[in-house]
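For clarity, every value in this text was computed on a predicted model and none was experimentally measured. In what follows, residues are counted from 1 in the order of the sequence shown. We count ligands from 1, going down the list as the structure has it; atoms in each ligand are counted the same way.
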Amino acid sequence: MAKTALITGVTGQDGAYLSELLLSKGYTVHGLKRRSSLFNTDRIDHLYEDPHVNDPKFILHYGDLTDSMNLTRIIQEVQPDEIYNLAAMSHVQVSFEMPEYTANADGIGTLRILEAVRLLGLTKKTKIYQASTSELYGLVQQVPQSEKTPFYPRSPYAVAKMYAYWITVNYREAYGMFASNGILFNHESPLRGETFVTRKITRAAAKIVLGLQDCLYMGNIDSQRDWGHAKDYVEAMYLILQQEVSEDFVIATGVTTRVREFIRKTFAFLGIELTFTGVEENEVGTISAVDTARIAELGIANGEHLKLGTTVLKIDPRYYRPTEVDLLIGNPGKCDEKLGWKPKHTLDMLIEDMATSDLRLFQKDQLLLKEGFGVLNYFE
Ligand code: NAP
Ligand code: F7E
């Protein structure tokens, strides 16, 4: 029997990759999408099906995690075998500016879904995946972090997700529901939101190499993250819900890298060697070598603006966070042993995928410029 899944946050990075994965496995996929004044479905437009066709496999519903009646009605209509609760205000720095909304959507939103499933009498039918996060470890109490490491959240986002984590565990224990947390470490892709650090770097590096931007302004480039590819991570989400027993899993690569190193590798992939000098707010990154053969190989016609000694990276303390998470590195022992899950992408493969995609994106802008059209404004 083909299964039915409901994905909240279907328009996000993970929602798009997970929809593709489940559709490829024969699922009917229902997605919860927020109403917005502009189209916000870019990441899933290729999956769109005209609702007038017979037996559509990909169906969108307007909804919001802050509206329990809406969530209950949709869950009643869809009668899902699996719910993947991916919707969230997911930006850590923004959560300091919107703490109450973040608590409502990311914390209480999870309760609304669990309670809807319970009240609708679906506790034996519907399995629930909760998008938990390595941000729960915050000021880390153990290195590397595993399912047994105590939490110490460091942002309104992480505190809201901590409520969501424990309410998921509580509903599992209290009502015998299949409700599991995937504690996912950072995962990225060409579909990553533009203001998360990896995408900000790959976009800026591509624009700098193409001569469309002069300088990249960063916050704390000393922090360390365990970065994987979102395509691999949605497979782990699926596997978590295919288990006999509901339990929580860390999903990570087990490798950690500083933000500075991610920057260096991205520019190197594009043929630019960066040298970092100075400390804290005064640190800068300057061009110390240019690989002209590489630049040509990437189809970059004119690299003359890439002069040795040019500063292309500066620190802007505006991007510092009130409380930082300095070091994340996950222990993937349990997901390897019980799910048989291992990442297929290395960090270098991730950077190649993201930087190539952004280079192609902005090469289109360069063509427009040449033809006399203004370059679109991209809001960072
Ligand atoms: P994302 O790209 O920011 O996507 C978030 C999704 O949630 C978007 O579809 C967004 O809709 C939707 N959303 C936000 N607020 C909502 C609300 N009030 N009601 C309904 N939908 C709402 O995030 P992601 O990277 O795909 O991450 C997916 C989930 O995993 C999130 O819960 C995130 O916190 C968690 N997580 C992510 C990572 C990571 O490294 N990516 C790691 C651990 C956990 P719009 O498109 O309309 O904005
Ligand atoms: O920051 C530092 C920043 O915003 C990573 C979310 O998906 O993963 C994500 O949260 C690091 C931090 O991700 C800039 O201070 C420096 O130390 O890409 P990020 P995050 O905060 O780790 C977790 C697992 C989630 O669950 C979240 O939903 O990079 N950093 N300079 C910067 N970060 C940003 N965004 N912008 C900068 O200019």
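- Distances from atom 41 (N) of ligand 1 to the heavy atoms of R192, K33, E188 put R192 nearest.
- Closest to atom 1 (O) of ligand 2, if we only count protein heavy atoms, is R321 NH2, 3.5 Å.
- Not a single heavy atom of Y320 sits less than 4.0 Å from an atom of ligand 2.
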**OP:** Would you please test E100 and N104 for side-chain contact (heavy atoms from CB on, under 4.5 Å) and show each step?
**Re:** CA-CA 6 Å; E100 182 183 346; N104 191 4; 5.7 Å; no

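- Judged by the shortest distance from any of its heavy atoms, H91 lies inside the 4.0 Å radius around the atoms of ligand 2.
- Counting protein heavy atoms only, atom 13 (O) of ligand 2 is closest to N186 ND2, 3.7 Å.
- Nearest-residue assignment for atom 5 (C) of ligand 1 (options A160, G9, A88, S132; heavy-atom criterion): A88.
- Contact atoms of ligand 2 toward E324: 3 (C), 12 (C), 15 (O), 17 (O) (distance under 4.0 Å to a heavy atom of the residue).
- Taking the charged nitrogens against the carboxylate oxygens, D81 and K127 have no contact shorter than 4.0 Å, which rules out a salt bridge.
- Heavy-atom proximity to atom 1 (P) of ligand 1, evaluated over S90, G193, G15, G31, is greatest for S90.
- A heavy-atom distance below 4.5 Å is found between the side chains of F262 and T198.
- Between R258 and E261, no side-chain nitrogen of the basic residue sits less than 4.0 Å from a carboxylate oxygen of the acidic one, so the salt-bridge criterion is not met.
- Near A131, meaning under 4.0 Å from one of its heavy atoms, ligand 1 places the atoms 29 (C), 30 (O), 32 (O), 35 (C).
- Near N186, meaning under 4.0 Å from one of its heavy atoms, ligand 1 places the atoms 40 (O).
- On a distance-only criterion, S134 and ligand 1 share no N/O pair closer than 3.5 Å.
- Ionic pairing of D14 and R43 is not present here: no N-O contact between side-chain nitrogen and carboxylate oxygen is shorter than 4.0 angstrom.
- Polar contact with ligand 2: present for T133 (N/O pair, distance under 3.5 Å).
- Looking at heavy atoms from C-beta onward, Y157 lies out of side-chain contact with M98 at the 4.5 angstrom threshold.
- Residues F178 and S180 have side chains in contact (heavy-atom distance under 4.5 Å, counting atoms from C-beta outward).
- Of the candidates F185, F196, Y157, it is Y157 that places a heavy atom closest to atom 35 (C) of ligand 1.
- Not one N or O of N85 is nearer than 3.5 Å to an N or O of ligand 1, by distance alone.
- Contact annotation: the side chain of N70 approaches that of L32 to within less than 4.5 Å [non-hydrogen atoms, C-beta and beyond].
- Residue contacts with ligand 2 include K200, since one or more of its heavy atoms lies under 4.0 Å from the ligand.
- If you number the atoms of ligand 1 from 1 as listed, the ones under 4.0 Å from a heavy atom of T133 come out as 43 (C), 44 (C).
- Proximity to Q13 (heavy-atom distance under 4.0 Å) selects the following atoms of ligand 1: 2 (O), 25 (O), 26 (O), 41 (N).
- Of all the atoms in ligand 1, the ones that sit under 4.0 Å from a non-hydrogen atom of T11 are 8 (C), 9 (O), 11 (O), 45 (P), 46 (O), 47 (O).
- Hydrophobic clustering (side-chain heavy atoms under 4.5 Å, transitive across Ile, Leu, Val, Met, Phe, Trp, Tyr) keeps L241 apart from I128.
- The ligand atoms of ligand 2 that sit less than 4.0 angstrom from a heavy atom of S134 are 24 (C).
- For the pair Y84/T8, no side-chain contact is recorded, criterion being any heavy-atom separation below 4.5 Å from C-beta on.
- With sequence neighbours left out, the side chain to side chain donor-acceptor pair (under 3.5 Å) criterion links D106 to no other residue.
- Checked by distance only, ligand 2 and M218 stay at 3.5 Å or farther apart across all their nitrogen or oxygen atoms.
- Between the side chain of T256 and the backbone N or O of R225, at least one donor-acceptor pair lies under 3.5 Å.
- Polar contact check, V197 against ligand 2: a nitrogen or oxygen pair lies under 3.5 Å apart.
- Of the listed residues (R192, Q224, R154), the one carrying the non-hydrogen atom nearest atom 7 (O) of ligand 2 is R192.
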